[in-house]
Q: 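If you scroll down you'll find the structure; I have some questions about it.
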Amino acid sequence: MARNTIRRITMAVLAPAMALGATVGLASAPASAAVWNTCDQWGNTSLGGYTLYNNIWGSGAGSQCTWANSGTGWGVWADHPNTGGIKSYPNSTKSINKTIDSLGRLTSDYNVTVPSSGAYNTSYDIWDTDHQYEIMLWVNDNGAVGPIGTWQDNVTLGGHSWNVYKGTNGSNQVFSFLRTSDSTSGTVDIKPILNWIAYTKGWMPGSETIGDVQFGYEITSSAGGLNFNTNNLTVNGG
């Protein structure tokens with residue numbers, strides 16, 4: 001549950017907290033100067049065909065800053081309190097805008113360095129253009145976090161083994177694929193996952209247009225300040 005736009009009006013009250021964390025967050029960025037950084041709640045930029053979002057949307061959030069050397073190499077420093085509920089989803093987004101039927105391929109490579117403490121998941125968040133369907137692919141997670149809905153199946157698709165959950169957040173259907181073991185690098189073939197949802201399960205039509213493929217960190221808590229580094233992230237579809 002990590003869309004960049006729908007919750008922008010919900011957290012205006014956090015602006016003072018963001019300003020308070022700016023100095024600390026920037027000090028945690030890499031020693032080599034990043035080409036872009038922000039501690040703004042909704043800070044974003046476009047780099048090399050990707051759009052980066054700081055995206056602090058949840059209630060009770062603390063401070064967070066995102067930096068980037070490119071659309072495929074970026075990171076986050078976050079200091080969110082040890083309380084329940086998702087605080088943020090800093091991410092890099094690639095627009096696809098093709099129907100499942102017309103997609104010849106949709107693949108992604110990822111390589112991340114994540115903390116051993118805190119509560120979070122590292123995940124893809126894939127949306128149709130109408131925001132009726134949300135497909136999450138968790139490649140690793142830590143702490144007290146869990147998917148929306150109920151367990152449906154265990155499947156091997158796109159080069160990985162997943163536990164699949166299905167539910168709703170009140171606004172759209174959510175299909176969550178949780179990797180059965182944590183991974184910090186690999187390749188995901190997303191097209192077979194979309195085909196399985198549409199044609200094997202019939203949960204969404206094959207004519208649905210896939211809009212954005214996002215990749216980032218759904219952070220619930222990171223007390224004391226933790227670093228999440230995206231060493232490499234590429235999304236290729238056509």
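When a residue number appears, it is its place in the shown sequence, counting from 1. Side chains are part of it too, since the values below use all heavy atoms of this structure and drop only hydrogens, waters and symmetry mates.
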Q: Report the relative orientation of the aromatic rings in W196 and F177; use parallel for angles under 30°, tilted for 30 to 60°, perpendicular for over 60°.
A: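 W196 and F177: perpendicular rings.
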
Q: Using the rule side-chain contact (heavy atoms from CB on, under 4.5 Å), only one of N227, N231, T184 pairs with T113; which is it?
A: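 For T113, the side-chain contact (heavy atoms from CB on, under 4.5 Å) test succeeds with only one of N227, N231, T184, which is N231.
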
Q: With a 4.5 Å limit on heavy-atom distance, are the side chains of N172 and H131 in contact?
A: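 When only atoms from C-beta onward are counted, H131 and N172 do not touch, as no gap falls below 4.5 Å.
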
Q: Checking side-chain contact (heavy atoms from CB on, under 4.5 Å) against V114, which of N142, L226, N140 comes through?
A: N140

Q: Roughly how far apart are S185 OG and Y110 OH, rounded to 0.5 Å?
A: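 Reported to 0.5 Å precision, the distance equals 6.5 Å.
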
Q: By the definition side chain to side chain donor-acceptor pair (under 3.5 Å), identify the one residue from N91, T230, T122 that meets it with Y217.
A: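 Option passing the side chain to side chain donor-acceptor pair (under 3.5 Å) with Y217: T230.
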
Q: Got V213 and S108 here, is their nearest side-chain heavy-atom distance under 4.5 Å?
A: no

Q: Carefully, step by step, assess T187 and D109 under the rule side chain to side chain donor-acceptor pair (under 3.5 Å).
A: CA-CA 4 Å; T187 300; D109 297 318; 2.5 Å; yes

Q: Using side chain to side chain donor-acceptor pair (under 3.5 Å) as the criterion, list what pairs up with N121, not counting sequence neighbours.
A: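 If we apply the side chain to side chain donor-acceptor pair (under 3.5 Å) test to N121, skipping adjacent residues, the hits are S123, E218.
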
Q: If we ignore hydrogens and angles and just use 3.5 Å, is the side chain of Q64 paired with the main-chain N or O of H80 as donor and acceptor?
A: no

Q: If you look at every heavy atom in P81 and S221, which pair is closest and at what distance?
A: O-CB, 3.2 Å

Q: Enter the distance from T66:OG1 to W74:CH2 here, rounded to the nearest 0.5 Å.
A: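 Result: 6.5 Å between the selected atoms.
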
Q: Under 3.5 Å, is there a donor on one side chain and an acceptor on the other for T209 and D128?
A: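 Not at all, the side chains of T209 and D128 share no donor-acceptor pair under 3.5 Å.
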
Q: What I'd like to find out is whether the side chain of W138 reaches to under 4.5 Å of the side chain of R179, using heavy atoms alone.
A: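 Contact flag for W138/R179 side chains = no.
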
Q: So, do N195 and T200 sit near enough that their side-chain heavy atoms are less than 4.5 Å apart?
A: no

Q: Looking only at non-hydrogen atoms, find the nearest pair between I219 and A78 and report the distance.
A: CD1-CB, 3.9 Å

Q: Quick one: pull up NZ in K201 and CE in M204 and give me the separation to the nearest 0.5 Å.
A: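 Output value for this atom pair is 15.0 Å.
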
Q: Have D125 and W127 got a donor and an acceptor in their side chains that come within less than 3.5 Å?
A: yes

Q: CD1 of I148 to OG of S176: how many Å apart, nearest 0.5 Å?
A: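 With rounding to 0.5 Å, CD1 (I148) is 6.5 Å from OG (S176).
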
Q: For F215, enumerate each residue passing the ring pair (Phe, Tyr, Trp, His ring centres under 6.0 Å) test, keeping only those at least two apart in sequence or located in another chain.
A: Y124

Q: Would you compute the distance between atom CG of N37 and atom CG of L52 and round it to the nearest 0.5 angstrom?
A: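 Here the rounded value is 11.5 Å.
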
Q: Within the 3.5 Å criterion, strictly below it, is a donor on N232 or N111 matched to an acceptor on the partner's side chain?
A: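 No.
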
Q: Going from OG1 on T45 to OH on Y53, what distance comes out if it is rounded to the nearest 0.5 angstrom?
A: 10.5 Å

Q: I'd like to know whether D40 forms a side-chain contact (heavy atoms from CB on, under 4.5 Å) with N54, so could you lay out the CA-CA distance, the side-chain angles of the two residues, the decisive distance to 0.1 Å, and finally the verdict.
A: CA-CA 7 Å; D40 293 341; N54 200 32; 5.6 Å; no

